[in-house]
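First comes the structure, then the notes that go with it.
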Protein chains: 2
Amino acid sequence: MRLLLLSNSTAPGHGYLEHAREEIADFLDGTRRLAFVPYAGADHDGYTAQVTRALAPLGVEVTGVHTGSRPAEVVADADAVFVGGGNSFRLLSALHHHGLVDAIRARVGAGAGYMGSSAGTNMACPTLRTTNDMPIVQPPTFDALHLVPFQINPHYLDPAPDSSHMGETRAQRIAEFHQENDVAVLGLREGTWLRATDDGLTLGGIEAGAVLFERGREPVEHRPGADLTRLLRTPAVFDSADR
Amino acid sequence: MRLLLLSNSTAPGHGYLEHAREEIADFLDGTRRLAFVPYAGADHDGYTAQVTRALAPLGVEVTGVHTGSRPAEVVADADAVFVGGGNSFRLLSALHHHGLVDAIRARVGAGAGYMGSSAGTNMACPTLRTTNDMPIVQPPTFDALHLVPFQINPHYLDPAPDSSHMGETRAQRIAEFHQENDVAVLGLREGTWLRATDDGLTLGGIEAGAVLFERGREPVEHRPGADLTRLLRTPAVFDSADR
C-alpha cells in the first residue's frame, strides 16, 4: 500500500498542488496512467483539466474516471489513483454510486498508489466522520475507503484567539467526535501531508505540522518527519458512546 | 404553528439564552410545561439543569425528554418544546431513534410552541443539510422536522477578509449546497432569530441580520423586522442536480 494524503491542494500564493510538487513527483515516480476522481467538485471536466495541467510536467497520463462508461474500469487500468478535494459528502455519495469504494480498495491493495487532497484524504479514512464539509447530499453510508485505520481532519485550524464567534472550534468538534467514537484523529494543518506504506507512516510538509487527538489524552503536536507508524496498528471503535 | 428559531444560545459576555431573554419571555408567555430535548449535547442531565435555571424566571416547568421512559410522552404532555444546540448529527440520530420526529411534528402541529437554538434551529428545516457540524455519528436519514420548508444556516459567518486559510467560506459551502439542491438557505448571523406562525415569518435580533441565499440569485441582506413570509410558501427541491 502506497499513500500520499495531502491536507490541502492549494497553498496561498501557489498554484494548484504546487506547494507539494517535489513530494508528488517522488510519489508518482514510475506512474504512467493516473485515474483522477473529480466527484468532490461540480465541474468534472474542468477539474480533470486542472489536474492534467498540474501533473503534465511529471509525464503522467491523467484520465478522469467520469469519462469512461464505467469509472471502476478506469481505476482498474491505472497505476495510481488521485481523489481530489471539494465536498466530502458529494464525493462519498459518488464513490458508492459508481462502485468505486471496492474498485479503489482493490487497486490500491494490488499496489497502485493512492493520492488524496482534502476530501480525497478524508476518503482514505474508515469514515467521513471528521470532515469539515457541509452535508449537502446524503451518502448511503458514512463508511469510506478505510485505507488507514484512523481518522484525519484535513485543513486543521487552530482556534482564533480573538474570535467572538460562538460556533465550535475545530478542537471542540474533534472532542465531540471522541464523545461518540474511540478512534485517533490526526489534525493535518494546511501545507502538511502523510506518506504511508504497509509498514510506515510519516508526516511531511511545512513546519506547522499536525496535532494528534486521542480519546482521554491531551492533544500531541507532531512536526514534519515524525514517525506515526503506530497509528497504522491502533484499533478503531466507532459509536462507542454508552448512551 | 408557533416557532422561535435562534441562531445561537449564548452571545459573548452574556449568560445562556440571555441575549434573547425578552423574545423568549414573549414566546413562552402562557407556557407551563416545556419539554427540553438535550440530545445535541453529551451530558443530558447537566444540559437540562442549565436550561431549567435559564427559564426559571419565566415560571416554566422544564422536563428533559430523556428523564421519562418514553421521550415522546414528555413531548406529548408539553405546551412547548425546546431543542437545544450542540451537534446536529447526534441530535438528529436521537430524534429518529426515540420517535421524536413524529412526536414533535404532531405536538407543534397541534399548537405547542417550538423553540430551537443552533442545532435545534437546524432541526426545524426539511433536512440537516445546511448544518456546520462535524458528522460524528451517522443518522438513519438527513430528513429532519420540516416545520419550515426552507433551510437555515445557524451561526452564519461572513468570510474573514484577511484569512489565508484555504478551507471553504460559509458562503462557498452554501453555494455547493445550491449546486445540488434548489432550496432557499437563510444564513442567520449570531444574535438573530426567526419568529414564525402559520402565516408569518419575521427576522429578529441584532442589527447584523441575516443573508438569504437562493439558487441562481445574488445573496440578499435582511435586517431585523424583515418580513420573510414568502419563504413559508417557497417550493423546496432537494437533490435537483442533473448529474
Side-chain angles (χ1 to χ4, degrees), chain A residues 7-13 39-44 66 85-90 93-94 118 127-139 141-143 153-157 160 163-168 170 172-181 185 189-191 238-239 241 243, chain B residues 7-13 39-44 66 85-90 93-94 118 127-139 141-143 153-157 160 163-168 170 172-181 185 189-191 238-239 241 243:
Chain A
S7 174
N8 56 311
S9 61
T10 310
Y39 295 128
D43 172 6
H44 303 158
H66 67 294
N87 185 284
S88 299
F89 290 87
R90 177 159 58 194
S93 295
S118 190
T127 77
L128 65 38
R129 295 185 187 206
T130 52
T131 180
N132 309 307
D133 294 339
M134 190 171 268
I136 59 172
V137 296
Q138 182 181 333
T141 166
F142 284 3
D143 293 346
N153 178 246
H155 298 274
Y156 180 75
L157 194 61
S163 172
S164 64
H165 189 70
M166 300 302 288
E168 294 88 349
R170 194 67 61 80
Q172 286 169 336
R173 293 167 193 274
I174 294 171
E176 286 181 350
F177 173 84
H178 278 138
Q179 288 167 348
E180 304 293 333
N181 308 280
V185 179
R189 292 194 179 89
E190 292 187 343
F238 289 90
D239 289 324
R243 271 191 302 280
Chain B
S7 173
N8 57 309
S9 61
T10 311
Y39 295 129
D43 172 7
H44 303 157
H66 66 295
N87 185 283
S88 300
F89 290 88
R90 176 158 59 191
S93 295
S118 191
T127 75
L128 65 39
R129 295 186 187 206
T130 51
T131 180
N132 309 307
D133 294 338
M134 190 171 267
I136 59 172
V137 296
Q138 182 182 331
T141 165
F142 284 2
D143 294 347
N153 178 247
H155 298 275
Y156 180 75
L157 194 61
S163 172
S164 63
H165 189 70
M166 301 303 287
E168 294 87 350
R170 194 68 61 80
Q172 286 169 337
R173 292 168 194 274
I174 295 171
E176 286 180 351
F177 172 84
H178 278 139
Q179 288 168 349
E180 304 293 333
N181 309 282
V185 180
R189 292 193 179 89
E190 293 186 344
F238 288 90
D239 289 324
R243 272 191 301 281

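Naming: A, B, ... by sequence-line order, numbering from 1 per chain. None of these values were measured; they are calculated from a predicted model.
- Heavy-atom distances place the side chain of A/N181, and not its backbone, under 4.5 Å from chain B.
- Closest of all the heavy-atom pairs between A/P135 and B/L128 is CG-O, 3.6 Å.
- Summarising the geometry, atom OH belonging to A/Y156 is positioned 11.0 Å from atom NE2 belonging to B/H165; distances are rounded to the nearest 0.5 Å.
- At a 4.5 Å heavy-atom cutoff, A/F238 makes no contact with chain B through either its backbone or its side chain.
- For the set B/H155, B/E190, B/E176, the count of heavy-atom pairs under 4.5 angstrom toward chain A peaks at B/E190.
- For the set B/D239, B/N8, B/N87, the entry with the most heavy-atom pairs within less than 4.5 Å of chain A is B/N87.
- Between chain A and the residues B/D133, B/N153, B/D143, the most heavy-atom pairs under 4.5 angstrom are made by B/D133.
- Shown here are the side-chain contact (heavy atoms from CB on, under 4.5 Å) partners of B/Q138, two or more places apart in sequence or in another chain: A/R129, A/T141, A/F142.
- For B/R173, the side-chain hydrogen bond (donor to acceptor under 3.5 Å, both in side chains) criterion is met by no residue, not counting sequence neighbours.
- The greatest number of non-hydrogen atom pairs below 4.5 Å with chain B, out of A/T131, A/T127, A/L157, is found for A/L157.
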Is there a side-chain contact (heavy atoms from CB on, under 4.5 Å) between B/E168 and A/M134? Walk through the geometry before answering. CA-CA 10 Å; B/E168 294 87 350; A/M134 190 171 268; over 6 Å; no
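- Across all non-hydrogen atoms, the minimal contact from B/S164 to A/P12 is O-CG, 3.3 Å.
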